[in-house]
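Working notes, beginning with the structure itself.
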Amino acid sequence: MTALRSLAPTDTADIAPAGSHLIAPDCRGLNFWTIDRSLRDLLSLYLEQKALQHFTPHFERLGELAGGRLDELAMQADKRTPILHHRDRFGRDEDWVEYHPAYREMERIGFGEFGIHAMSRRPGVLGWPDIAPPLAKYALQYLFAQAEFALLCPLSVTDSSILLIQKYADERVKQRYLPGMLNQNLDTLIRGAQFMTEKSGGSDVSGITLTAKRAGDHWELWGDKWFCSCADHEIVLLLARCQGAPAGNAGLSLFAMPRRLEDGSRNRYRVVRLKDKLGSRSMAAGETIMEGAVAHLLGEPGRGLKQMMDQVNLSRLSHGFRAAGMMRRCLNEALQVARHRRAFGRTLIDHPMTRRQLLKLMLPTEQALSVSMAAAAAMTNADEAQLRILTPLVKYRACRDNIPVATGAMEMRGGNGYIEDWANAKLVRDAHLGLLWEGTSSVNALDIIRRAVGRERAHEALAQALKRRLNAAPIPGQFRGRLAALVDRAAGFAEKVATQAKAEASSRRAASALYHVTSSVLLGAEGAELGERGGDARRLLLARLVLDHRLGTSDPFALPDAAWEDAVSAKLLNDDAVSLSEATSLLAA
Ligand SMILES: Cc1cc2nc3c(=O)[nH]c(=O)nc-3n(C[C@H](O)[C@H](O)[C@H](O)COP(=O)(O)OP(=O)(O)OC[C@H]3O[C@@H](n4cnc5c(N)ncnc54)[C@H](O)[C@@H]3O)c2cc1C
């Protein structure tokens with residue numbers, strides 16, 4: 001947040017036309033890596049030192065782009081949405097999608113320059129000699145999301161499609177598609193897509209009717225798909241039912257369907273319409289009809305849904321980082337306004353209620369970053385149980401929190417926030433999609449409570465890991481005890497909801513409680529660990545705010561301790577690092 005504060009109103013007034021000093025600046029022109037102390041601090045805790053050193057110049061470069069060129073391109077592409085053409089100029093029924101050049105330039109940044117789609121799947125991307133650590137990729141996604149949300153779908157679905165082909169395809173299919181999918185040259189790149197949802201439903205895919213018929217050494221697909229993001233991508237993974245397979249999920253198989261056949265001709269499917277979406281407008285999502293489209297079976301017949309869940313879970317984690325990144329942008333925009341806009345004789349940030357609102361934007365932002373990082377760290381350590389539960393937790397809660405945070409940031413800018421000149425309106429529109437993709441809130445909450453807790457008992461591994469973290473960090477004793485007790489209560493409540501008949505309706509409540517407790521332990525431990533090294537311990541204060549404000553442990557009719565809140569907000573809205581002893585004494589107050 002350093003640079004945000006140092007940007008005085010006069011800095012922009014010098015270069016802006018007359019009268020514009022009356023309007024608060026936005027974050028355009030700032031480096032989103034440089035101003036993000038939280039990201040830098042957490043990467044220093046979670047990412048191995050050598051990787052951190054190697055990737056830092058790349059984070060810096062993307063931070064600059066996200067606050068500059070990428071942001072400009074994203075605003076342009078959002079307004080000039082893709083157009084579907086059903087025929088080519090020779091009158092052939094070869095549908096194609098026309099994109100604004102701004103979208104193409106963003107593709108060159110995401111796929112071409114940074115290789116975000118390939119860095120987890122092959123060594124050598126961005127000069128790293130091995131496969132990149134998950135956190136390096138997700139930190140790039142988090143920075144990217146601060147400018148452009150929509151293109152993260154193509155980047156992420158290509159990444160996860162590569163994984164599925166590497167894992168389940170036979171050698172012939174691998175050799176044919178993987179070299180193109182793994183490269184960074186836009187002219188030869190093969191981008192992935194995933195078409196699962198049909199009209200009958202995305203939450204419950206047991207009614208899928210797309211039919212696969214055997215035709216010699218390949219399969220032909222007949223039927224249609226209702227939601228198809230990246231509709232024109234070169235290889236599509238989809239679920240279909242082989243002829244004669246049983247009804248329900250057990251009859252679903254996973255297929256890879258190329259856009260072009262080996263002889264270069266178009267495969268037999270058509271994009272019949274593009275969706276007119278609320279957000280994510282630069283990306284082409286459509287409806288498709290398969291008319292005997294050639295497809296390759298991946299893995300075992302009847303195991304399609306299970307295999308596709310690898311892709312869904314990777315996307316869910318990516319959504320956690322996207323939500324954290326978008327909330328960061330919202331928070332930074334709100335801080336920018338609060339520090340420059342004046343009303344009733346004062347700068348906004350000097351109004352007590354503004355400071356409270358800013359903290360309400362900050363808290364979910366920092367929670368989402370901590371929980372996403374912990375999930376990515378679990379992936380690095382191949383800690384399957386923790387990854388299993390943290391992934392839907394962060395997808396569920398961070399995507400929900402993104403909505404009030406985006407709305408709050410829009411409101412902070414006042415009427416201008418509602419006008420499409422500024423990033424706020426787009427952030428509000430884009431935020432809502434996080435709720436729908438890869439399972440709605442209820443679907444993710446049920447996955448957490450019914451499956452991860454009820455069947456797989458992943459909450460036990462999470463609770464143990466949180467306790468270990470609490471014990472290892474220099475957290476003040478009384479506060480540590482309070483957090484440890486809450487871990488037991490949250491895990492116990494999740495288990496109760498998972499196992500008691502008629503408790504299903506409380507699944508979202510139990511999942512939220514587990515998320516908030518998890519995040520408060522992580523924030524507390526991170527703050528203490530950073531403070532112990534002489535760094536910034538402010539996350540300890542945020543941990544306490546989670547308990548007070550997000551877990552509902554305070555009395556709604558009692559006045560808060562205004563002196564305490566003032567002292568905490570002064571620390572959290574200031575750039576100066578908070579020492580461990582300062583944080584400790586505030587916690588004790
Ligand atoms: C812009 C956009 C792009 C998309 N791109 C793709 C794509 O590329 N590929 C793809 O496969 N899909 C895609 N989707 C589809 C998306 O994944 C689905 O919309 C989503 O999974 C929800 O499915 P549905 O729309 O059929 O709603 P439904 O499944 O019908 O859900 C309706 C409501 O019922 C609720 N519900 C369902 N089950 C339960 C339950 N057990 N308990 C309580 N409530 C329940 C849901 O929470 C929801 O509120 C896209 C969607 C959008 C909006």
Side-chain angles (χ1 to χ4, degrees), residues 38 41-49 135 363 366-391 393-394 397 448 452-453 456-495 510-548 550-551 553 568 577-589:
S38 299
D41 275 355
L42 291 195
L43 285 176
S44 77
L45 288 181
Y46 290 105
L47 183 59
E48 182 222 334
Q49 187 57 26
L135 261 167
L363 200 51
E366 300 296 357
Q367 287 179 279
L369 189 60
S370 288
V371 182
S372 300
M373 288 263 178
M379 184 181 274
T380 308
N381 301 330
D383 185 337
E384 294 302 329
Q386 271 203 78
L387 180 62
R388 171 68 186 88
I389 192 160
L390 287 170
T391 299
L393 269 181
V394 73
R397 199 59 252 176
I448 296 160
V453 173
E456 298 162 42
R457 306 199 65 78
H459 61 303
E460 291 173 350
L462 177 63
Q464 281 162 15
L466 293 175
K467 294 264 186 74
R468 279 197 301 275
R469 191 86 193 265
L470 274 179
N471 289 332
I475 299 176
Q478 228 184 351
F479 190 56
R480 176 191 287 136
R482 196 173 161 203
L483 288 172
L486 284 166
V487 170
D488 289 334
R489 288 188 67 195
F493 183 56
E495 192 166 327
S512 291
L514 198 54
Y515 175 83
H516 293 316
V517 169
T518 300
S519 67
S520 62
V521 170
L522 294 171
L523 285 162
E526 290 156 359
E529 287 159 13
L530 289 162
E532 192 182 32
R533 310 179 185 164
D536 187 5
R538 70 181 58 217
R539 300 183 89 74
L540 256 175
L541 302 176
L542 290 163
R544 161 80 186 271
L545 291 182
V546 172
L547 303 194
D548 291 354
R550 305 228 62 200
L551 267 170
T553 53
V568 168
V578 180
S579 70
L580 185 55
S581 62
E582 281 175 306
T584 305
S585 60
L586 269 170
L587 280 180

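Owing to the predicted nature of the structure, the values given are computational and were not obtained by experimental measurement. Numbering of residues begins at 1 and proceeds along the displayed sequence.
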Is it true that a side-chain atom of [X] and a backbone atom of [Y] form a donor plus acceptor pair closer than 3.5 Å?
X: S519; Y: H516; value: yes
X: R480; Y: L470; value: yes
X: R550; Y: Y515; value: no
X: T391; Y: R388; value: no

Do [X] and [Y] have a side chain donor and acceptor closer than 3.5 Å?
X: R397; Y: Q367; answer: no
X: E526; Y: Y46; answer: yes
X: S44; Y: R533; answer: yes

Does any part of the side chain of L514, heavy atoms only, come nearer than 4.5 Å to the side chain of I389, both counted from C-beta? yes
Going by heavy atoms in the side chains, are E456 and E384 under 4.5 Å from each other?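 Answer no - side chains too far apart.
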Which atom pair, heavy atoms only, marks the closest approach of [X] to [Y]?
X: A368; Y: V394; result: O-CG2, 4.1 Å
X: L523; Y: S370; result: CD2-OG, 3.5 Å
X: S520; Y: A543; result: O-CB, 3.3 Å
X: A577; Y: E582; result: O-OE1, 4.0 Å

So, applying side chain to side chain contact (heavy atoms under 4.5 Å, CB included) with E366, which one of L42, L522, L545, L542 is it? L542
Which pairs would a plain distance check flag for residues 483-493, meaning a side-chain donor or acceptor within less than 3.5 Å of a matching protein atom at least two apart in sequence or in another chain?
{"residue": "D488", "atom": "OD1", "partner": "K467", "partner atom": "NZ", "Å": "2.7"}
{"residue": "D488", "atom": "OD2", "partner": "K467", "partner atom": "NZ", "Å": "3.4"}

What is the distance from atom [atom1] of [X] to atom [atom2] of [Y], rounded to the nearest 0.5 Å?
X: L47; Y: L135; atom1: CG; atom2: CG; value: 5.5 Å
X: T518; Y: R469; atom1: OG1; atom2: CZ; value: 12.0 Å
X: R544; Y: L547; atom1: CZ; atom2: CG; value: 8.0 Å
X: L466; Y: H459; atom1: CG; atom2: NE2; value: 12.5 Å
X: R539; Y: L369; atom1: CZ; atom2: CG; value: 6.0 Å
X: N381; Y: L387; atom1: CG; atom2: CG; value: 10.5 Å

Taking it one step at a time, do Q478 and R482 satisfy side chain to side chain contact (heavy atoms under 4.5 Å, CB included)? CA-CA 6 Å; Q478 228 184 351; R482 196 173 161 203; over 6 Å; no
L462 vs L393, side chain to side chain contact (heavy atoms under 4.5 Å, CB included): CA-CA, chis, key distance, verdict: CA-CA 11 Å; L462 177 63; L393 269 181; 4.2 Å; yes
